[in-house]
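Side chains are part of it too, since the values below use all heavy atoms of this structure and drop only hydrogens, waters and symmetry mates. Below, read A as the first sequence line, B as the second, and so on, with proteins coming before strands; counting in each chain starts at 1. Not measured: the values here are computed from a predicted model.
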Number of protein chains: 2
Amino acid sequence: MKLKELASHLGLSQTTVSRALNGYPEVNEETRQRVMEAARRHDYRPNASARRLATGRAGAIGIVLPTDRNMLLDPHYIEFQAGLGERLLRDEIDIVLSPTKGSDELATYRRMALGGRVDAVILSSPTVVDERVGLLTELGLPFVLHGRTESHIPHAWLDIDNEGAFHHATKHLLDLGHRRIGLINGETRHTFARDRENGFRRALNAHGLAVDEAFVANGLMTDEIGYRITARFLAERPRPTALLVSSMMMSLGAFRAIRAAGLELGRDVSMIAHDDVFPFLNPDVMVPTMSTTRSSIRAAGKRVGELLMELLVEGRAPETIHELWPVELVVRGSTGPAPRD
Amino acid sequence: MKLKELASHLGLSQTTVSRALNGYPEVNEETRQRVMEAARRHDYRPNASARRLATGRAGAIGIVLPTDRNMLLDPHYIEFQAGLGERLLRDEIDIVLSPTKGSDELATYRRMALGGRVDAVILSSPTVVDERVGLLTELGLPFVLHGRTESHIPHAWLDIDNEGAFHHATKHLLDLGHRRIGLINGETRHTFARDRENGFRRALNAHGLAVDEAFVANGLMTDEIGYRITARFLAERPRPTALLVSSMMMSLGAFRAIRAAGLELGRDVSMIAHDDVFPFLNPDVMVPTMSTTRSSIRAAGKRVGELLMELLVEGRAPETIHELWPVELVVRGSTGPAPRD
DNA sequence: CTGTTAGCGCTTTCAC
DNA sequence: GTGAAAGCGCTAACAG
């Protein structure tokens, strides 16, 4: 069923039917009812491409999906998508995933912009210096950055307070008497990792403590890397009495390394991990329960969807969109007072 | 830059330029070079909507994304997407995610089909009786099912041999002398869970053993549920000496429950878990290493992309596409001989 | 080998 | 309040 057929069916013009369906005010209320009713009965759906071509709006937002390693081989991504989808659903906006090999990423954004397939894009996992912001601005494709990057170009972003979170967590460990604290972090080129490290260092410095560089490590946020780094830390003498870990996934590996070293989590070694709140990994049911800095990545996705709509529909200026979310510290069983030496 | 401009720039008609760009054979090779070169120089990209409207092809395939809990907001999903993307990338095919609330799922498929936004869709996590197959067939929207469902309607599917995998795993445990084996499975409405249970039962029966229903459990495939079910199993007397677990995520919880019960994995209790091969969860680096039935969900995604293209481009008949992948049993440290009673 | 001419299905002036 | 007509940017017969 296409508009033309529907119109002739009703003995009306395409124009009127289109107007009725799209809620234009100048349509007779009775006519509108008839049109609506007929549309429903015939299960009429406007053709997306035709509508887009006519309006210039794509009704979709884009995400570039790097198919190779390490970018988003983690569950963070899908949680974010779920949140985003939750919001976009309301306006029947689709998410277009454009697969890309890591090296062609910028070219893919270019293709998205020029192809008119999307109205805006979302940028995730920014690095400290991120070329994408400049490119998209130049291309005139609206976007919201999830995270932050250093750039003089005004743009919309939403981030969590990584610096504050790890500062708080470190301070908590210091208050418990820990003096040798290890940091197991994501890759340094990512802004969030740098921010967390800054928070960590600031807390130690404020306490008059030097950072022991042997206890600062970065890597992919996997179970395996968590295990390896922790094993290395625990082999040092003296070893750290507490760990700050950038992801729950890494904390799983860290936990195993602690056990493998014959130590007990929450007594011999304390741990605080960052929790993005995955439905399948609940710090409350771990044994011992895991102390965390918590911020739902799904909620962030939802809010980013919201901001995108404000950008697109209400024409809100990107530079007015800067949201920094506070991060909660949840103290559970994996943290305890520093053991005596 | 649009086609029209590019054409007048070159002193050619739109048609010729279009043909040159789309690789039609009847274009003079020299002309084609000129056109290509000009297109590159001006960074010309055909408008996706216009092309779609003209050709009727969308250049995208759809996935319905259930935004609420428990469907597949788990990492399985993103791995599959990555594999799919890897293949679709080659033909510049996009993936359109249509967010939906669980209950509106069928309506969303309908919308996708009628809206012409996608050329085909992918169906994941089928239930034993799955209405989607009938709906899509009726709507005439091509699809490939990842998994299997009971249906008399001919359709394309790719699945792993879940029955065989769990039969094999169970048999292996039996050969090691285990007699009380627990099954920790996904939700029974899903075909894969039913198939795994069937394989498990068949192996026990072939061995002349009755299935102890107290040792068969189903639930969401999360760490938490894995923990709970295992704790319950281990509280039974006599308790199981081996566990078959449907996901690595659940096995993490199972592992914790085993430790919490003061038992040792691989000695007091053996475990085989199904591994979808996530880059962030490596059975080889666990302690002890985890025995698994292994099949890469990412490889499946890639192959589904391939099949989709055959369906769409080469016009392959859906009913000729039935792939059942064998599953490898990888014996590692988490399995050992049954302990003496 | 190239150009002319219709559309694809919808929205949107501009008249009435 | 409704309709006629002109596109949106591209592809695809059909001629030549």
What nucleotide among [options] has an atom nearest to a side-chain atom of [X]?
{"X": "A/Q14", "options": "D/dA12, C/dT11, D/dC10", "answer": "C/dT11"}
{"X": "B/R57", "options": "D/dA12, C/dT11, D/dC8", "answer": "D/dA12"}
{"X": "B/A54", "options": "D/dG9, C/dT11, C/dC1", "answer": "D/dG9"}
{"X": "A/N47", "options": "C/dT2, D/dT2, C/dG9", "answer": "C/dG9"}

May I ask you to verify if any side-chain N or O of [X] is less than 4.0 angstrom from the OP1 or OP2 atom of [N]?
{"X": "B/T15", "N": "D/dA12", "value": "no"}
{"X": "B/Y44", "N": "D/dC10", "value": "yes"}
{"X": "A/S18", "N": "C/dC10", "value": "no"}
{"X": "A/S13", "N": "D/dG3", "value": "yes"}
{"X": "A/Y24", "N": "C/dT13", "value": "no"}

**OP:** Would you mind classifying the nucleic acid contact of B/S49 as base, sugar-phosphate or nothing, using non-hydrogen atoms under 4.0 angstrom?
**Re:**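 The answer is nothing, as B/S49 stays clear of every strand by at least 4.0 Å.
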Tell me the interatomic distance from [X], atom [atom1], to [N], atom [atom2], rounded to whole angstroms.
{"X": "A/N22", "N": "C/dT11", "atom1": "CG", "atom2": "P", "result": "5 Å"}
{"X": "A/R52", "N": "C/dG9", "atom1": "CZ", "atom2": "C1'", "result": "13 Å"}
{"X": "A/R19", "N": "D/dT2", "atom1": "CZ", "atom2": "P", "result": "9 Å"}
{"X": "A/K2", "N": "C/dT11", "atom1": "NZ", "atom2": "P", "result": "14 Å"}
{"X": "A/R45", "N": "C/dC10", "atom1": "CZ", "atom2": "P", "result": "12 Å"}
{"X": "B/L10", "N": "C/dG3", "atom1": "CG", "atom2": "C1'", "result": "15 Å"}
{"X": "A/L21", "N": "C/dC10", "atom1": "CG", "atom2": "P", "result": "10 Å"}
{"X": "B/N28", "N": "C/dG3", "atom1": "CG", "atom2": "P", "result": "11 Å"}

Original post:
For atom CD of B/E30, is the number of surrounding heavy atoms from other residues, nucleotides or ligands below 6.0 Å larger than 12?
Top reply: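 Open.
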Subject >> Verdict with supporting geometry, A/T15 and A/S18, side-chain hydrogen bond (donor to acceptor under 3.5 Å, both in side chains) >> reply: CA-CA 5 Å; A/T15 317; A/S18 170; over 6 Å; no
Original post:
Would you call the rings of B/H42 and B/H9 parallel, tilted or perpendicular if under 30° counts as parallel and over 60° as perpendicular?
Top reply: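 Rings of B/H42 and B/H9: tilted, 30 to 60°.
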Subject >> Side chain to side chain, B/L158 and B/L145, heavy atoms closer than 4.5 Å >> reply: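 With C-beta onward as the side chain, the pair stays apart.
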Original post:
Going through the distances and angles, do B/R32 and B/E29 end up as a salt bridge (charged side-chain N to carboxylate O under 4.0 Å, His left out)?
Top reply: CA-CA 5 Å; B/R32 188 193 304 281; B/E29 199 43 50; 3.5 Å; yes
Original post:
If you pin B/T55 and B/E29 to their nearest nucleotides in DNA chain C, which one's is more 5'?
Top reply: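 This one resolves to B/E29.
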